[in-house]
Structures are given as C-alpha cells and as structure tokens.
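Structure first, then comments.
Index from 1, following the sequence.
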Amino acid sequence: IGTSLKSAHFTRIGYLALARCARKAKDLKLIIHYDKEVLKYSPQLPKAHIAIMTDNLSLARDYLDADQVSNAEVPLNKCLQLSNQYPDSSFRARLLQSFGWYHFKQHETDAAIAKYEEALSLYQSLKNEQMIAETKYLLVMALLNVRETASVPEHLFDAIDIYTRRNSVG
C-alpha cells in the first residue's frame with residue numbers, strides 16, 4: 001500500500017509489520033531483510049533521526065539474536081553517533097543495554113558488565129521497572145560468567161520482585 005501511495009511513512013510501517021510477523025515465525029533471515037528495507041525509508045521521514053536510531057537499533061538487536069555479532073557493530077555505532085546529537089535518556093539506556101549484549105556475545109564480559117551497569121543506572125533514574133528487571137537479569141548473567149557473585153543475589157531477587165509485582169493478578 002505504501003509503495004502504491006508513494007509514501008515512505010506507510011511503506012516503512014508495512015515493512016515494520018512484516019518484520020514483526022517474521023519475528024513471530026522466528027525467521028531471523030527474513031527479519032533482517034525487512035529491517036534493512038525499513039532503513040531505506042527512515043531517512044525520508046520528518047524527524048528522521050528518531051526513525052533512523054530506532055530502526056538501526058532494531059537491526060542491531062536482530063543481528064545479535066541471529067548470532068551475526070560482527071554485523072551488529074555498524075548499526076550500533078550509527079545509533080551511538082545519532083544519540084550523541086539527539087540525546088534521549090530512554091533510548092540511550094536501551095542502546096547501552098544493547099552494547100552490553102553485543103560485548104557479552106563477543107565474550108568481552110567486563111565491557112558488557114560496564115554497559116549493563118550504565119543502562120541500569122539510567123533505567124533507575126527513569127523509574128522504568130520493566131527495563132530495570134530485564135537489565136538486572138542480563139547483568140546477573142554477565143556477572144556469573146566471570147564469577148563475580150557478590151551482587152548477584154541482590155540483582156536477581158530485585159528482578160524477581162519486579163516481575164512478580166508487575167505480573168500479579170491482585
């Protein structure tokens with residue numbers, strides 16, 4: 001529909017929807033294909049920097065999911081460059097968490113821990129409980145990897161407490 005209307009906005013939305021469907025099917029090759037298509041239309045939008053940052057981060061995270069770690073570096077660095085020009089604490093936290101994941105996948109655990117801790121600090125200042133819990137879990141996995149277990153119980157029980165509170169029915 002977007003291409004027939006010659007609309008970058010609707011074409012991008014169409015490819016985002018196709019990527020979402022491919023995610024549900026767990027077809028990583030197709031997800032990355034659609035991510036790349038989405039990125040063709042991001043620069044044509046008003047406030048393009050937001051779409052470009054978001055779409056590059058999505059591509060980077062999908063590369064990490066697909067264990068194509070080296071391919072994630074370029075979109076992550078593009079996000080970093082743009083986030084320095086257009087600061088947004090929530091995006092920055094998500095980017096730092098993604099860099100942590102990137103470093104963890106590269107077996108650079110100390111760098112991963114540092115990025116997770118930076119992301120956690122930002123999420124705490126934003127009071128984003130869901131992302132605090134997610135980041136604490138990722139931090140625990142990295143800490144266990146290097147046998148730095150002193151803070152593991154605290155982070156783990158905090159994450160469990162957040163998940164329990166957010167998912168309880170009463």
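Rounding to the nearest 0.5 Å places CG of Leu139 at 12.5 Å from CD1 of Ile132. To the nearest 0.5 Å, atom NE2 of residue His107 and atom CG of residue Asn145 are 8.5 Å apart. Of the inter-residue distances, the one linking Glu73 atom CD with Leu64 atom CG reads 11.0 Å to the nearest 0.5 angstrom. The CG atom of Leu16 lies 11.0 Å from the SG atom of Cys21; values are rounded to the nearest 0.5 Å. Considering OH of Tyr123 and NZ of Lys136, their distance stands at 14.0 Å, rounded to 0.5 Å. We find the CE-CG distance between Met141 and Leu156 to be 9.5 Å, quoted to the nearest 0.5 Å.
Distance alone, capped at 3.5 Å, is enough to place a donor-acceptor pair between the Ser98 side chain and the Arg94 backbone. At distances below 3.5 Å, not a single donor-acceptor pair connects side-chain atoms of Ser121 with backbone N or O atoms of Glu117. When atom types are taken as modelled, the side chain of Glu154 and the backbone of Ala150 share no donor-acceptor pair closer than 3.5 angstrom.
Among Ile32, Val74, Ile31, Asn71, the one residue that satisfies the side chain to side chain contact (heavy atoms under 4.5 Å, CB included) test with Leu59 is Ile32. A salt bridge (Lys or Arg N to Asp or Glu O under 4.0 Å) with Asp35 is found for exactly one of Arg61, Arg23, Lys29, namely Arg23.
Asp62 places none of its side-chain heavy atoms less than 4.5 Å from the side chain of Leu28. Between His155 and Leu143 there is a side-chain heavy-atom pair separated by less than 4.5 Å. For the pair Glu129 and Tyr163, the minimum side-chain heavy-atom distance is 4.5 Å or more. No side-chain heavy atom of Glu37 sits less than 4.5 Å from a side-chain heavy atom of Leu18.
Pairing each heavy atom of Leu96 with each of Leu122, the nearest pair is CD1-CD1, 3.8 Å. For the residue pair Ala119 and Gln97, the shortest heavy atom distance occurs at CB-N, 3.7 Å. Annotation for Lys78 and Ile52: closest pair CE-CG2, 4.1 Å, computed over non-hydrogen atoms. Nearest approach of Ser42 to Ala48, heavy atoms of both residues: O-CB, 3.4 Å. Here the shortest heavy-atom pairing between Phe99 and Leu80 reads CE1-CB, 4.2 Å. Across every non-hydrogen atom of Ala142 and Phe104, the tightest pair is CA-CE1, 3.6 Å.
Placement of Tyr63 and Tyr102 in two distinct hydrophobic clusters is found when ILVMFWY residues are connected by side-chain heavy-atom separations under 4.5 Å, directly or transitively. In the hydrophobic clustering of ILVMFWY residues, with side-chain heavy atoms under 4.5 Å counting as a link, Tyr86 and Ile50 come out apart. Side-chain heavy atoms closer than 4.5 Å link hydrophobic residues (I, L, V, M, F, W, Y) into clusters, and following such links, even through other members, never connects Leu30 to Leu39. In the hydrophobic clustering of ILVMFWY residues, with side-chain heavy atoms under 4.5 Å counting as a link, Leu95 and Val69 come out together.
In this structure, Tyr15 and Tyr34 have tilted ring planes: the angle between them lies in the 30° to 60° band.
Remark: Tyr137 OH is loosely packed, at most 12 non-hydrogen atoms of other residues, nucleotides or ligands lying under 6.0 Å away. No more than 12 heavy-atom neighbours from other residues, nucleotides or ligands sit within 6.0 angstrom of NZ on Lys36.
A salt bridge is absent between Lys115 and Glu108: the closest approach of a Lys/Arg side-chain nitrogen to an acidic carboxylate oxygen does not fall below 4.0 angstrom. Salt bridge present: Asp55 and Arg12 bring a charged side-chain N and a carboxylate O closer than 4.0 Å. Of the charged side-chain nitrogens involved, at least one lies within less than 4.0 Å of a carboxylate oxygen, so that Arg165 and Asp161 count as a salt-bridged pair.
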Can you check side-chain contact (heavy atoms from CB on, under 4.5 Å) on Glu148 and Asp110, steps first, answer last? CA-CA 10 Å; Glu148 290 182 23; Asp110 290 337; 4.3 Å; yes
Please test Leu76 against Asn56 for side-chain contact (heavy atoms from CB on, under 4.5 Å), starting from the C-alpha separation and ending with a verdict. CA-CA 7 Å; Leu76 283 172; Asn56 270 288; over 6 Å; no
